[in-house]
There are 2 protein chains.
Amino acid sequence: MAEKVTIATVARHARVSRQTVSNVLNSPHIVRQETRQRVEDAINALGYRANQAARQMRTGRSRLIAARIDPTRDGINGSVLDRFLHGLTETADAAGYRVLLYTATDDDREIATYGDLLGTYELDAFVLVGTKYGDPRTEWLADRDVPFVTFGRPWDALDAHPWVDVDGAAGTAQATRRLLDAGHRRIAFIGWPVGSGVGDDRRAGWRDALRAAGVDPTGLHRETEDGIAEGERLMHDLLDTVAPSAVVCASDSLALGALQAIRGVDPPVSVIGFDDTPVAAAVGLTSVSQPLGEAAARCVDLLTGVLDGDHETPTPVLLQPSLALRHTA
Amino acid sequence: MAEKVTIATVARHARVSRQTVSNVLNSPHIVRQETRQRVEDAINALGYRANQAARQMRTGRSRLIAARIDPTRDGINGSVLDRFLHGLTETADAAGYRVLLYTATDDDREIATYGDLLGTYELDAFVLVGTKYGDPRTEWLADRDVPFVTFGRPWDALDAHPWVDVDGAAGTAQATRRLLDAGHRRIAFIGWPVGSGVGDDRRAGWRDALRAAGVDPTGLHRETEDGIAEGERLMHDLLDTVAPSAVVCASDSLALGALQAIRGVDPPVSVIGFDDTPVAAAVGLTSVSQPLGEAAARCVDLLTGVLDGDHETPTPVLLQPSLALRHTA
DNA sequence: TCCAGAAACTTGAACGATCCAATCCTGCCT
DNA sequence: AGGCAGGATTGGATCGTTCAAGTTTCTGGA
């Protein structure tokens, strides 16, 4: 069994001191070219890798980023997180960071987990997916100067922290305009109850696009919790009352419900969902697509900016979604 | 700013030595009840948490488990990994371990990542999802005595390592029997090309169930790569040639394609998929459901067994799937 | 040739926990 | 009262790295 290769092993092999090896790794510019080469050769020859625990103990930095993985709720929108996490892992890796998972069933437990992760693992930063009004989590982290980024903008506009988000209103507006261009006028909207930032934003995009086209949106929208059954119920309600020729939904779950409700209706009602989930692709549902990989990459960018460099709060990033066209609209 | 709470702080507060505090944490039974209580009170009062880096440096154990997160491929089956990872994180957490994510585009890179993770982070173990014939990854890990578990049995039966799997054959057999019980006789199967362990296993379950019922499976199966379009194509082929009254599929993707192919066919053809993905739930597809949370939990069980205790190779675990009944069968 | 000053490199100490070996109690028995 | 056994407690060393401070080597100008 080969003995452990430490910085001392490399130093001996390259006939320099430990510190010089450390300098080659962390501040190469202060080491003479010739010496640096000798050390690098030794590192390669021995297959040396810096021990993260020892480094962390001295520097207090773990090069670990925490991200939460949720229980798959209704499942349809779950894959959004899945794709985001993959992007996050990939980009973080390239930046020399690793992603650590955690779960929590509610905000209190999540905050308790923060304390635990910070205390025992000395995590460098957190990535929060999803934000809401008066989010206690961001407040807690900000109070303790823990670096974090949210995927989802802060709806309070109280404290400014780094965030990345996708412009949901632009997405629904784009969807609505496409329906308008196709000749639709009675374009309904099925969304979430007023009060959720994301939901209100998506509804606003639809409403403003209609108004801009001179169409009165009054009475054309319905609100409910997310879910297929809920979407189906509200679509039936819409068909019975205002008889829209098209509908934009705040999620693919709702859109899927709407699709079931309009089965057999003639002329066919156009439906557009939101999130471009695998389900949408599977059933041919036109849907607003979020650039999740890009969003994850920008999250890492913001974090590394805070962690490795400038102390000023970086500029938030608002990404534009696109429309994945399929045969329902 | 409160200063850092170390084991020395706790010791001072409880009027004992550092070692006693360490004993309370690691070998509570050798400390007198009264003293233990005093130390525990101090720990709570100060909010002390053992620094993982320092512990790791001395013990060489990181209490970190690595799991791979794949790019979502066709997306439909992606949520399987999602749900597994969530279960893994939850159970690992309860056992005092954390899950670290990594990605890799091919086996060679994945193995290179193993070396990196082991060298710099001293990972305790790996969880591999999916196995294939002659998997180079398990070989590499086994050669180096790195603890690992696979979710998916070793198809070679060469080297025995701990694994957890779901009995795919039992799942398709159960699906097939349900169709037989409903009166079907011409029950087809759409699966993956011969040579993948998982695919062959699922086909075998269907075949054996048919034979057990005295039905000749010859000519009733088709093979293709996974995908909705592929499933649709092969279902059309089946309808044109053997005209089955029901079909069992190796995945929900294939089943979804089959569903599209039979639209309008009368009498309706029954379809059963595999994996019970969100898509299946959404479109009402009956599907074989894997106990993913349970599988993840058993993976953690096996790992902790290897890590914290006995040196003997633990017994593999084969879990039974169930049938999620919906309206397509 | 000599010296100042910079550059390059080396040495000792520290991070916070655990392990080891030595010491200190405490209760019990004679 | 003294001695002893056994468990409880203590100090010191250690893991591998980086920081801070010290020492040597190099460079160039008078």
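On a predicted model such as this, the values are computed, not experimentally measured, just so you know. Numbers restart at 1 for each chain; the letters A, B, ... are given by sequence-line order, proteins then strands.
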Beyond-backbone contact of Cys299(B) with Phe84(B), side-chain heavy atoms, under 4.5 angstrom
yes
Looking at Thr20(A), I'd like to know whether one of its side-chain N or O atoms comes within less than 4.0 Å of OP1 or OP2 on dA8(C).
no
Value in whole Å for how far the [atom2] atom of [N] lies from [atom1] of [X]:
X: Ile43(A); N: dT17(D); atom1: CD1; atom2: P; answer: 10 Å
X: Ile30(A); N: dC19(D); atom1: CD1; atom2: C1'; answer: 12 Å
X: His29(A); N: dA6(C); atom1: NE2; atom2: P; answer: 16 Å
X: Gln33(B); N: dG7(D); atom1: CD; atom2: C1'; answer: 16 Å
X: Ile7(B); N: dC15(C); atom1: CD1; atom2: C1'; answer: 14 Å
X: Arg61(A); N: dT18(D); atom1: CZ; atom2: C1'; answer: 14 Å
X: Arg63(A); N: dT18(D); atom1: CZ; atom2: C1'; answer: 15 Å
X: Arg12(B); N: dT10(D); atom1: CZ; atom2: P; answer: 14 Å

Quick one, give me the B/S/- string for nucleotides 19-24 of chain C, reading 5' to 3', where B means a protein heavy atom under 4.0 Å from the base and S means that only happens at the primed atoms, P, OP1 or OP2.
BB----
Taking salt bridge (Lys or Arg N to Asp or Glu O under 4.0 Å) as the definition, give me every residue that meets it alongside [X], ordered by chain and number, with sequence neighbours left out.
X: Arg18(A); answer: none
X: Arg55(B); answer: none
X: Arg12(A); answer: none
X: Glu110(A); answer: Arg68(A), Arg137(A)

Between [X] and [Y], do the side chains contain an N or O donor and an N or O acceptor separated by less than 3.5 Å?
X: Asp41(A); Y: Gln37(A); answer: yes
X: His86(A); Y: Thr103(B); answer: no
X: Asn23(A); Y: Ser27(A); answer: no

Axis-to-axis angle across the helix from dT1(C)-dA30(D) to dT30(C)-dA1(D), five pairs an end, to 10 degrees?
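Angle reported: 60°, given to the nearest ten degrees.
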Under the side-chain contact (heavy atoms from CB on, under 4.5 Å) rule, collect the residues that match up with Asp93(B), sequence neighbours excluded.
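Expected list: Arg98(B).
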Among residues at least two apart in sequence or on other chains, which ones pass side-chain contact (heavy atoms from CB on, under 4.5 Å) with Asp106(B)?
Asp108(B), Arg109(B)
For residues 104-123 of chain B, which residue pairs qualify under ring-ring contact (aromatic ring centres under 6.0 Å, His included), counting only residues two or more places apart or in two chains?
Tyr114(B)-Phe126(B), Tyr114(B)-Trp140(B)
Pairs satisfying ring-ring contact (aromatic ring centres under 6.0 Å, His included), at least one member in residues 11-67 of chain A, at least two apart
none
What are the atom names and distances for every N/O pair under 3.5 Å that joins the protein to nucleotides 23-27 of chain D?
none

Please find the pair of heavy atoms, one from Gly60(B) and one from Asp124(B), that lie closest to each other, and give the distance.
O-OD1, 4.5 Å
Shortest non-hydrogen separation from Ala66(B) to Leu123(B) and the atoms involved:
CB-CD2, 3.0 Å
May I ask you to say what Thr6(B) touches in the nucleic acid, namely base, sugar-phosphate or nothing, with a heavy-atom cut-off under 4.0 Å?
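Sugar-phosphate, backbone atoms only, no base.
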Using heavy atoms and a sub-4.0 Å distance, could you list which residues of residues 46-57 of chain B are near DNA chain D? By number, please.
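Going residue by residue through residues 46-57 of chain B, the ones with a heavy atom under 4.0 Å of DNA chain D turn out to be Met57(B).
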